[in-house]
Amino acid sequence: MASKVDDTHSPNLKSWVESANISDGDFPIQNLPFCKFRGAGNARAEIGVGIGDQILKLSVCAEHGLFSGETELAARSANLKSIMRLSKSDREHLRKNLSEFLSDEHSALAVADWRESAFVLQADVELVLPCEIGDYTDFYASVFHATNVGSMFRPDNPLLPNYKHIPIGYHGRASSIVASGRSIRRPNGQLPPPDDGGEPTFGPCKNLDYELEVGAYIAQGNRLGQPIGIEEAEAHVFGLSLLNDWSARDMQRWEYQPLGPFLAKSFATTVSPWIVTIEALAPFRCRPFERPKTDPQPLPYLNSEGNQSAGGFDITLEVLLSSSKMRKENIAPIKLSEGTFRNMYWTLAQMVAHHSSNGCNLRAGDLLGSGTISGPEKSSRGCLLELTWDGEFGRPVPGTQRTALELPTGEKRIFLADGDEVSIRGYCKAEGYQRIGFGTCDGKITASIDS
Ligand code: MN
């Protein structure tokens with residue numbers, strides 16, 4: 001099931017694109033993430049591959065005959081879904097091709113007289129959404145997050161009995177997904193009555209939060225009515241990116257029962273523009289989160305040997321925050337938390353298998369969010385709702401006050417203020433392999449309408 005480590009992951013591989021060879025860069029030749037970008041002026045957006053500080057334009061490579069068959073047609077397209085729809089073996093072959101073109105050994109591209117026309121500096125383009133996202137589903141796969149949030153919203157009953165049997169998710173809104181860098185307007189909405197009684201009100205959200213998540217883009221989809229088995233599930237994943245599921249907690253608390261989140265989530269979701277392919281992640285696979293012995297085993301449709309041995313991904317994730325005052329005073333962003341994707345209770349393969357188990361068809365370019373990635377430690381809590389809460393894991397402290405975070409300027413935060421900028425970063429490291437990174441997923445809060 002899992003993609004294998006091969007020559008394209010060799011730590012000895014270097015590129016003739018010099019900027020790809022700096023240590024600790026996000027885009028060495030071992031990564032080769034996809035993006036969609038728009039050049040200067042009103043240029044048409046096109047698809048490319050990140051290498052060092054450059055983007056390799058796939059259409060230019062295709063015009064000069066570097067690809068063949070289905071891959072050539074897909075590379076000529078301005079739609080990344082054409083690449084996503086390729087078979088797993090064509091996608092693996094494309095990665096091998098790209099690695100050869102960019103390698104400092106035997107590269108036909110390095111010596112081509114048209115090579116300059118095939119590259120553009122990342123700093124000179126606008127990185128846009130990788131594709132038009134048809135459907136977006138957000139899961140809830142961290143048991144630490146689910147238990148913490150459950151403790152706050154339902155102190156008597158934090159983790160509902162279905163959690164350890166079923167990957168919980170809800171259908172999100174695809175139309176409001178934006179690429180990193182777009183500002184996020186504070187939503188207006190219906191706010192719950194105060195604790196001491198009264199009526200609900202309508203106005204600017206007062207408890208605006210981020211959620212640290214990983215996003216997965218679907219590759220080839222499945223036919224309506226034809227579930228994807230757990231063993232094949234990962235062949236249907238194109239790659240991963242960073243995702244911020246902006247959340248209006250006051251609106252959420254008031255609206256989420258009985259049908260789940262609605263307007264508290266649908267006003268905006270930010271994704272990083274780079275998609276790191278599932279093939280690039282092969283060296284960073286790991287055993288998934290180990291369930292306590294007393295937990296139920298997953299039902300057979302969510303269980304396989306491959307998933308049990310290597311269904312996890314060791315991706316380190318960080319959240320950084322800067323306020324407008326910090327930026328004015330030239331103070332660097334502060335790190336709010338650091339966690340790892342390997343801590344998730346449900347794996348990517350289980351999410352895909354479960355999502356399609358009723359016959360629901362997934363389509364190329366659909367986006368699955370992992371759910372907030374929180375770990376067992378306080379320092380790995382993936383949203384402010386958890387970070388500024390006094391409760392210890394699984395044990396809420398009734399009646400306690402929320403504890404504000406203090407910024408270097410002396411400003412205090414329980415939730416986000418206008419002007420705050422949240423940045424998510426992610427990278428993978430493993431002994432004997434080159435580090436690869438995900439770029440950044442940034443968004444800055446602007447004031448609500450009419451405020
Ligand atoms: Mn979420």
Side-chain angles (χ1 to χ4, degrees), residues 8 13-63 66 75 77-80 83-84 94-95 97-99 101-104 107 109-110 112 114-131 177-183 215 217 238-244 270-277 280-281 315 318 320 333 421-428 434-444:
T8 65
L13 216 51
K14 293 267 186 283
S15 176
W16 53 268
V17 178
E18 285 298 329
S19 59
N21 302 325
I22 56 164
S23 64
D24 277 10
D26 273 357
F27 307 130
I29 189 169
Q30 290 83 358
N31 193 347
L32 307 174
F34 287 87
C35 71
K36 189 164 180 178
F37 66 95
R38 186 179 290 116
N42 277 332
R44 196 174 73 130
E46 51 184 313
I47 54 179
V49 170
I51 178 81
D53 61 2
Q54 308 275 325
I55 295 171
L56 175 66
K57 301 175 181 178
L58 288 192
S59 64
V60 176
C61 295
E63 273 163 33
L66 290 196
S77 154
N79 186 350
L80 191 49
I83 301 279
M84 293 169 165
L94 173 57
R95 175 175 167 84
N97 278 170
L98 292 167
S99 178
F101 300 156
L102 294 165
S103 156
D104 63 2
S107 171
L109 177 57
W114 50 270
R115 90 173 196 202
E116 283 199 5
S117 66
F119 288 91
V120 62
L121 255 181
Q122 287 165 25
D124 289 348
V125 302
E126 181 195 0
L127 291 163
V128 298
L129 270 189
C131 61
I177 299 173
V178 298
S180 176
R182 274 277 288 269
S183 56
Y217 287 87
F238 179 66
L240 306 185
S241 71
L242 308 173
L243 185 151
N244 183 343
T270 302
V271 289
S272 59
W274 301 100
I275 305 180
V276 175
T277 61
L281 291 164
I315 306 171
E318 301 173 347
L320 300 136
E421 182 165 20
V422 178
S423 285
I424 298 176
R425 312 247 173 95
Y427 62 88
C428 297
Q434 176 68 39
R435 171 201 189 276
I436 63 171
F438 283 74
T440 65
C441 178
D442 303 340
K444 191 167 80 184

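Everything quoted here is computed from the prediction, not taken from an experiment.
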Tell me, do [X] and [Y] make a side-chain contact under 4.5 Å, heavy atoms counted?
X: I47; Y: N79; result: no
X: L56; Y: V17; result: no
X: S272; Y: T440; result: no
X: F34; Y: L58; result: yes
X: Y427; Y: D24; result: no
X: F27; Y: S19; result: no
X: V271; Y: I177; result: yes
X: I315; Y: F438; result: yes

Hey, what's the ring geometry for W16 with F119, parallel, tilted or perpendicular (30° and 60° as the breaks)?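 Rings of W16 and F119: perpendicular, as their planes differ by over 60°.
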Between [X] and [Y], which heavy-atom pair has the shortest distance, and what is it?
X: Y217; Y: S241; result: CE1-OG, 3.6 Å
X: P130; Y: K36; result: O-CD, 3.6 Å
X: S99; Y: I29; result: O-CD1, 3.5 Å
X: S180; Y: P273; result: CB-CD, 3.8 Å
X: R435; Y: G25; result: NH1-O, 3.2 Å
X: N31; Y: A280; result: O-CB, 3.4 Å

To the nearest 0.5 angstrom, please state how far the [atom1] atom of [X] sits from the [atom2] atom of [Y].
X: K14; Y: D104; atom1: NZ; atom2: CG; result: 8.5 Å
X: I83; Y: C131; atom1: CD1; atom2: SG; result: 12.0 Å
X: E318; Y: I424; atom1: CD; atom2: CD1; result: 11.0 Å
X: T270; Y: N244; atom1: OG1; atom2: CG; result: 5.5 Å
X: S77; Y: E46; atom1: OG; atom2: CD; result: 11.0 Å
X: R44; Y: S59; atom1: CZ; atom2: OG; result: 7.5 Å

Using a strict cut-off of less than 4.0 Å between a Lys/Arg side-chain nitrogen and an Asp/Glu carboxylate oxygen, indicate whether E126 and R38 qualify as a salt bridge.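 Judged by the 4.0 Å cut-off on N to carboxylate O distance, E126 and R38 do form a salt bridge.
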With no hydrogens and no angle check, is any side-chain donor or acceptor of [X] less than 3.5 Å from a backbone partner on [Y]?
X: N21; Y: S15; answer: yes
X: Q122; Y: G52; answer: yes
X: Q30; Y: L13; answer: yes
X: R115; Y: L109; answer: no
X: D53; Y: A123; answer: no
X: D124; Y: A40; answer: no
X: R182; Y: G443; answer: no

Which residues pass the salt bridge (Lys or Arg N to Asp or Glu O under 4.0 Å) test with D442, not counting sequence neighbours?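 D442: no salt bridge (Lys or Arg N to Asp or Glu O under 4.0 Å) contacts found.
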Would you please test T8 and L32 for side chain to side chain contact (heavy atoms under 4.5 Å, CB included) and show each step? CA-CA 10 Å; T8 65; L32 307 174; 5.8 Å; no
Sequence-distant partners of S183, side-chain contact (heavy atoms from CB on, under 4.5 Å), two or more places apart: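 So S183 forms a side-chain contact (heavy atoms from CB on, under 4.5 Å) with T446.
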So which of L98, L66, N97 actually passes side-chain contact (heavy atoms from CB on, under 4.5 Å) with C61?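 Among L98, L66, N97, the one that satisfies the side-chain contact (heavy atoms from CB on, under 4.5 Å) with C61 is L66.
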